[in-house]
**Q** 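Would you mind keeping the following structure in view while I ask a few things?
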Amino acid sequence: MTREIPKAYEPQQIEQHWARAWVEQQLFRADPSAPGPVFSIVIPPPNVTGSLHIGHMLDHTEIDILTRWHRMRGFNTLYLPGTDHAGISTQRVVGRKLAEQGIDYRTLGRDEFERRVWKWKEESGGTITEQMRQIGESCDWTRERFTLSPELSRAVTEVFVRLYEEGLIYRAHYMVNWCPQCQTAISDLETIHEERRGNLWYIRYPVVDSSESVVVATTRPETMLGDTGVAVHPEDERYKHLIGKRLRLPFMNREIPIVSDTFVDREFGTGAVKVTPAHDPNDFALGKRHNLPELDVMTDDGHMSAAAGPYSGLDRFAARKRVVEDLQGQGLLERVVEHTHAVGTCERCMTVIEPRASNQWFCRMKPLVEPAIAVVESGEIQIIPENRRTVYFEWMRNIRDWCISRQLWWGHRIPAWHCADCAEITVARESPAKCATCGSSKLQQDPDVLDTWFSSALWPFSTLGWPDDTPDLRKYYPTSLLITGYEIIFFWVARMIMMGLKFTGKVPFHHVYMHAIVRTADGQKMSKSKGTGIDPVDINRKYGTDAMRFTLALMAAPGKDLIWTEDKIESSRNFANKIWNAARFLFLNLEKFEATGVSIEQLAAPEIRAAAPYSAGGDLKLINCWIFSRLAHVTAQVNDSLEQYRFHEAAHQVYHFFWGDFCDWYIEWMKPHLSDSDRSIATAAWRNLFAVFDAALRLLHPFMPFITEELWHKLPQRAGAKSIALEQFPAPQPSWIQEPAEEQVALLQEIIVAARNIRAEMKLESKRRVAAELFTPEEETRKLIEANLAPVLRLATLSNIQFATAHLDTASGAVRSTPKFELRISADEGRDLPAEIAKLRKERERLARDVQSKTTRLADQTFRNRAPAEIVRDLETTLAERSAEYQQVLARLAQLEKNLRPSDPGASAGALG
RNA sequence: GGGCGAUUAGCUCAGCUGGUUAGAGCGCUCCCCUCACACGGGAGAGGUCAAAGGUUCAAGUCCUUUAUCGCCCACCA
């Protein structure tokens, strides 16, 4: 048999092959009738027109790790993929495309435009899901969903109608955030407040039939054209006498009243505030209280309307400039003061939003909030990390009604019809034939569509077939977990909880894991618009998907933002290469072994499949006990870490197990035995090696699905099996954990490292075997070393070890010691005495400090009285050990210094004296 | 204006419920292209845990204050 395995891991073809195979075989198709506990998760649906960026990769990686991990542990697992129609975002993208072709989308008309967007969706909407397939996410593609599909639209309509019937959805004339660029209302959450430097203009309004005047301060002088009043505080002595009088509004020749309202802050500006009910939320409320008329002086696209008189037709910012100039010209501008204040901008296009009173649909939130708070308080929904709960509660308790209508064409059309005859509204699931109030058939559907987040709020149950009672819904709802970024806790998470409780009576998920944000090296948030996004597909081509996944996992400590740098993925790429080469070692040597006449069938014996350890004798027994014990430990730790969403811990654990324990120690230790002339030993060694490797691959699989799948299929014992993804995650027996074996191997490792350390210091030729002497205070230790002499000698490159009966000195060689042993390598040439002395001195200082502090500590009566007895006892033991070590070091140092420079006054021993 | 978080090795970060000598990756130094891997092996150097107080027998870990830097929320013109 020939196995051609390239020297370096080349992920490209392998990944593509498996990505395709997994989808084609429908490997991850969920079966609601299958047994096992349920693990279900719905994807946070990305924008259909988007493409994956590294930020997506983080939650997709986390989701996929957990999904694969659960699946391998026997859960009935569903990972449901899908996309969001992303109203404003998509409409803007397509609008821009059309504009590039010289087409103004408005001239196409609504139906045609919608057709174009659907076409666009068909053409490019697959990008993101194709990327997901490429990176091997283990979703059930047969259950892919789209928020604007007929099925999900049906759920949206159902929810809207029910909420309307309960009076939770209403239509009202109210202040909204208007984006003049997108020409639609947007919600509070979709506006971004930016601190901007501006001015506070002080404008004088003359009092009618009087020589007096009132000065108001404003940041937006152009809105004065829409002023319908001026307000002062009722207790303000400066203005008390003017309350009820009228002012003449410059330019507009309109008389407006002075009203009193406690809302006014006497300290700010002049204590008199102009009131523009149509263009400011506070003024809107104030205007309502005082029956001031609304006067909208702007158009949908942010220009001054006919109501703005002489300024009609001007852009709002041009109008501001002109108004200020004209005020100045008429001597009505008192003064101008610099003033920084928060300006609301549209999150999509960054245009300054215009607060505007208009007719919109709203969803009443208060009645939905209470139960949604309760389930988080009770822990029925657990938010991780916990400190995000506060933010959630805070927002929920101060929630305001949600403006759900958008003046767009792309989205779920509001199922409401206006009657031309009686002006009443009919809300219905199906297009009604006549008006519910007057029976007229002159009905026209409301032109608005719903906020994208309205359908997103239903995602966990609409994707499973709601409002029908489907097997999927029964089996997989509530979902187990939601993983998403903390930036959408309000947009999405909170609303899903409210809607889930309202319409299914159940929470939509039990856990919410909020991950952090991926940033660039200079701390910027990754985003395409800023050009700081990194295309994961490029990264994957260069380093491999597994490397990227592993890198993200290594960085993903809960609640911490992570910074993406290229060197990190290099290190993960190297790890993949390490795995590859460990496999290469196994397979290449297996060929040689096979040549000696042992068949693969023998290796593929059932006990390997069960990963039965300890089948060999001699020193093999210890090392095998050790590696299986390590495996058991690490598996337990990985399970524990993943249980708590501590991905970084889990990733570190598998990394060090594979690279450190398995490659550096186990394989190195086992090498000679794999070709032992005693065939039973060799076979046993191979069996154990393959068993560990097999388990290690399964342990690694959730993190690095591609390379593990590829290598796993090359394992002789796995010939013909379908996929590692469907195999069992390592489930070690408790009996595999053997603390004594772990301690014993750790001690042998220490001896080997000590020897290597001396060799390095002496600059011995790397292959030259030298003799060593060893003193151990305990007979047990000596026996252990004798029993494992061959591997110790080999790994430490020693020719032999002679056991000493007394403490070792440094006279004839360099010594390394721990409380359990002292090791000396004697050499005539190559000793670096100054280096040894430097090292010992440092050791001396360290020990002196340590002994000192421990002595002081133990002398403290309060410590002895209050600390747990165990702590005191431990400390006494360590102190005894340290003191002994310290004495040894002093003695050795004295010797060395005498040898080197007997007359050197700096060579005196002992800091403690 | 509220709230949350960060400050640990040259760099990027771990360090959960306080208890031996504070860890990792990268970088750095030295040795080695040893028949899996130079995307490698071996051995090292490097930290008064932002500052000051406090709680405690014991603090990187808990509390307070300060400094610096982030983020989120917020209708005061």
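Throughout, protein chains are lettered first and strands after them, A, B, ... in sequence-line order, and every chain is numbered starting at 1.
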**Q** Is R756(A) close enough to rA43(B) that one of its side-chain N or O atoms is under 4.0 Å from OP1 or OP2 there?
**A**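 Answer is yes, contact under 4.0 Å.
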**Q** Could you tell me how far rG53(B) sits from rA14(B) if I compare only their P atoms? Round to whole Å.
**A**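 One P to the other, the span is 28 Å.
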**Q** Using the C1' atoms only, state how far rU56(B) lies from rU61(B), rounded to an integer number of Å.
**A**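 About 13 Å, rounded to a whole number of Å.
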**Q** Would you mind writing out the side-chain donor-acceptor pairs for residues 260-273 of chain A within the sub-3.5 Å range, not counting sequence neighbours?
**A**
residue	atom	partner	partner atom	Å
D261(A)	OD1	F263(A)	N	2.8
D261(A)	OD1	R289(A)	NH2	3.2
D261(A)	OD2	R289(A)	NE	2.9
D261(A)	OD2	R289(A)	NH2	3.3
D261(A)	OD2	H290(A)	NE2	2.7
D265(A)	OD1	E267(A)	N	2.8
T270(A)	OG1	V215(A)	O	2.4
T270(A)	OG1	A272(A)	N	3.2
T270(A)	OG1	A272(A)	O	3.4

**Q** Quiz question: by atom type and distance under 3.5 Å, do the side chains of N581(A) and Y9(A) form a donor-acceptor pair?
**A**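 Y9(A) and N581(A) do not have a side-chain donor-acceptor pair below 3.5 Å.
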**Q** Using the side-chain heavy atoms of I563(A), tell me which of these nucleotides is nearest: rC26(B), rU12(B), rA77(B).
**A**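 The closest nucleotide is rU12(B).
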**Q** Compare side-chain N and O positions of N398(A) against OP1 and OP2 of rC73(B) and report whether any pair is under 4.0 Å apart.
**A**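 Result: no.
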**Q** Could you tell me which residues satisfy side-chain hydrogen bond (donor to acceptor under 3.5 Å, both in side chains) with N865(A), sequence neighbours excluded, listed by chain and number?
**A**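 Here no residue qualifies.
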**Q** Is the closest side-chain donor-acceptor distance between E394(A) and N398(A) under 3.5 Å?
**A**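 Yes, N398(A) and E394(A) have a side-chain donor paired with an acceptor closer than 3.5 Å.
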**Q** Got a donor-acceptor pair under 3.5 Å from the side chain of N387(A) to the base of rC4(B)?
**A**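 Checked by distance alone, the answer is no.
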**Q** Parallel, tilted or perpendicular for H648(A) and H652(A), by the 30°/60° rule?
**A**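 Ring orientation of H648(A) relative to H652(A): perpendicular.
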**Q** Using the six-membered ring of Y486(A), assess whether NZ or CZ of R388(A) lies under 6.0 Å from its centre and within 45 degrees of the ring axis.
**A**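 Yes, cation above the ring, under 6.0 Å and within 45°.
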**Q** Mind calculating the distance between CZ (R873(A)) and P (rA58(B)) to the nearest angstrom?
**A**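 From R873(A) CZ to rA58(B) P: 21 Å.
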**Q** Between rA14(B), rC26(B), rA43(B), spot the one nearest the side chain of V753(A), thanks.
**A**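 Nucleotide nearest to V753(A)'s side chain: rA43(B).
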**Q** Looking at every strand, decide which applies to R882(A) at a 4.0 Å heavy-atom threshold: base, sugar-phosphate, or nothing.
**A**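 It contacts base atoms.
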**Q** Across the strands shown, which category fits K568(A) at heavy-atom distances under 4.0 angstrom: base, sugar-phosphate, nothing?
**A**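 The answer is sugar-phosphate, as K568(A) gets under 4.0 Å only of primed atoms, P, OP1 or OP2.
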**Q** Taking CH2 from W395(A) and P from rA74(B), how many angstroms apart are they, rounded to a whole number?
**A**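 Computing the W395(A):CH2 to rA74(B):P distance gives 9 Å.
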**Q** How far does the P atom of rA45(B) sit from the matching atom of rG25(B), given to the nearest Å?
**A**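 Pairwise P distance, rA45(B) against rG25(B), rounds to 15 Å.
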**Q** Distances for protein N/O vs nucleotides 31-38 of chain B N/O pairs under 3.5 angstrom?
**A**
residue	atom	partner	partner atom	Å
rA36(B)	O3'	R584(A)	NH1	3.2
rA36(B)	O2'	N581(A)	OD1	2.6
rA36(B)	O2'	R584(A)	NH1	2.8
rA36(B)	N7	K671(A)	NZ	3.3
rA36(B)	N6	E668(A)	OE2	2.9
rA36(B)	N3	N581(A)	O	2.9
rA36(B)	N3	A582(A)	N	3.2
rC37(B)	O4'	N581(A)	OD1	2.8
rC37(B)	O2'	N577(A)	OD1	3.2
rC37(B)	O2	K578(A)	NZ	3.1
rC37(B)	N3	K578(A)	NZ	2.8

**Q** How about E843(A) and Y886(A): does a side-chain donor come under 3.5 Å of a side-chain acceptor?
**A**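 There is no such pair between these side chains.
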**Q** Can you list every pair that meets salt bridge (Lys or Arg N to Asp or Glu O under 4.0 Å) and has a residue in residues 867-885 of chain A, with sequence neighbours left out?
**A**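 Passing the test, one end in residues 867-885 of chain A: D850(A)-R882(A), R864(A)-E876(A), R882(A)-E885(A).
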**Q** I'd like the C1' distance from rG47(B) over to rG5(B), given in whole Å.
**A**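 Those two atoms are separated by 24 Å.
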**Q** How would you label the contact of R864(A) with the nucleic acid (heavy atoms, under 4.0 Å): base, sugar-phosphate, or nothing?
**A**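 Here R864(A) touches no strand at all.
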**Q** For rU66(B) versus rA9(B), give the span between their C1' atoms, rounded off to a whole number of Å.
**A**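 Here rU66(B) and rA9(B) have their C1' atoms 26 Å from each other.
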**Q** Hunt down any stem RNA chain B takes part in, defined as 3 or more consecutive Watson-Crick or G-U pairs whose two distances are each under 3.5 Å.
**A**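 Counting only runs of 3 or more consecutive pairs, the stems involving RNA chain B are B:1-7 with B:67-73, B:10-13 with B:23-26, B:28-32 with B:40-44, B:50-54 with B:62-66.
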**Q** So which protein N/O to nucleotides 17-19 of chain B N/O distances come out below 3.5 Å?
**A**
residue	atom	partner	partner atom	Å
rG19(B)	N2	R857(A)	NH2	2.9

**Q** Within 45 degrees of the axis of the six-membered ring of F585(A) and under 6.0 Å from its centre: does K671(A) put its NZ or CZ there?
**A**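 That pair qualifies as a cation-pi contact.
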**Q** Determine the Euclidean distance between corresponding C1' atoms of rG41(B) and rC35(B); express it in Å to zero decimal places.
**A**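 To the nearest whole Å, 14 Å.
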**Q** Please name the pair of heavy atoms, one in T551(A) and one in A547(A), separated by the smallest distance, quoted to 0.1 Å.
**A**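 Taking T551(A) first and A547(A) second, the nearest heavy atoms are OG1-O, 2.6 Å.
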**Q** Y655(A) has a side chain; which of rG25(B), rC71(B), rA14(B) sits nearest to it?
**A**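 Looking only at side-chain atoms, Y655(A) lies closest to rG25(B).
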**Q** Find the distance E843(A):CD to rG44(B):C1' and express it as a whole number of Å.
**A**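 Going from CD in E843(A) over to C1' in rG44(B) covers 14 Å.
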**Q** Determine the Euclidean distance between corresponding P atoms of rU55(B) and rC13(B); express it in Å to zero decimal places.
**A**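 Nearest-Å result for rC13(B) against rU55(B) at atom P: 34 Å.
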**Q** Reckon R794(A) touches a base, only the sugar-phosphate, or nothing at all at heavy-atom distances under 4.0 Å?
**A**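 R794(A): no heavy atom of the nucleic acid under 4.0 Å.
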**Q** Round to the nearest Å and state the distance from E570(A) atom CD to rC11(B) atom C1'.
**A**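 After rounding, the reported distance stands at 14 Å.
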**Q** Quick one: R849(A) CZ to rU20(B) P, roughly how many Å, whole number?
**A**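 Rounded to whole Å, this separation is 17 Å.
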**Q** Between atom CD1 in I399(A) and atom P in rC73(B), what is the gap in whole Å?
**A**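 It is 14 Å, rounded to the nearest whole Å.
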**Q** Do R573(A)'s NZ or CZ and the ring of F575(A) fall within the cation-pi criteria of under 6.0 Å and 45°?
**A**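 Verdict for F575(A): no cation-pi partner in R573(A).
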**Q** OP1, OP2 of rG15(B) versus side-chain N and O of R646(A): anything below 4.0 Å?
**A**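 True: R646(A) side-chain N/O within range (under 4.0 Å) of rG15(B) OP1/OP2.
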**Q** Report the distance from atom CG of L562(A) to atom P of rG70(B), rounded to the nearest whole Å.
**A**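 Roughly 18 Å, once rounded to whole Å.
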**Q** Measuring centre to centre across the rings, with the benzene-like ring taken for any Trp, is F284(A) within less than 6.0 Å of Y174(A)?
**A**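 Yes - the distance between ring centres of F284(A) and Y174(A) falls below the 6.0 Å cut-off.
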**Q** Please figure out whether P819(A) or H339(A) has its closest RNA chain B nucleotide nearer the 5' end.
**A**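 Counting from the 5' end, the first nearest nucleotide belongs to P819(A).
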**Q** From rC73(B), rA24(B), rU20(B), pick the nucleotide closest to the side chain of T878(A)?
**A**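 Taking heavy atoms from C-beta onward, the closest nucleotide is rU20(B).
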**Q** Where each residue is assigned the nucleotide of RNA chain B containing its nearest heavy atom, which of H656(A) and P281(A) is assigned the position nearer the 5′ end?
**A**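 Closest to the 5' end, via its nearest nucleotide, is H656(A).
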**Q** Please report, rounded to the nearest Å, how far the C1' atom of rC76(B) is from the NE2 atom of H279(A).
**A**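 These atoms are roughly 19 Å apart.
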**Q** Do T191(A) and N177(A) have a side chain donor and acceptor closer than 3.5 Å?
**A**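 Their side chains do not contain a donor-acceptor pair, so the 3.5 Å distance test is not met.
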**Q** When rounded to the nearest Å, what value does the distance between P atoms of rC16(B) and rC11(B) take?
**A**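 Per the computed distance, 22 Å lies between those P atoms.
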**Q** Among the candidates rA45(B), rA14(B), rG25(B), find the nucleotide nearest to the side-chain atoms of K842(A).
**A**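 Nearest nucleotide to the side chain: rA45(B).
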**Q** Name the orientation class of the two ring planes belonging to F587(A) and F693(A) (parallel below 30°, tilted from 30 to 60°, perpendicular beyond 60°).
**A**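 Ring orientation of F587(A) relative to F693(A): perpendicular.
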**Q** Y9(A) near the nucleic acid: base, sugar-phosphate alone, or nothing, with a heavy-atom cut-off under 4.0 Å?
**A**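 Nothing, no nucleic acid heavy atom in range.
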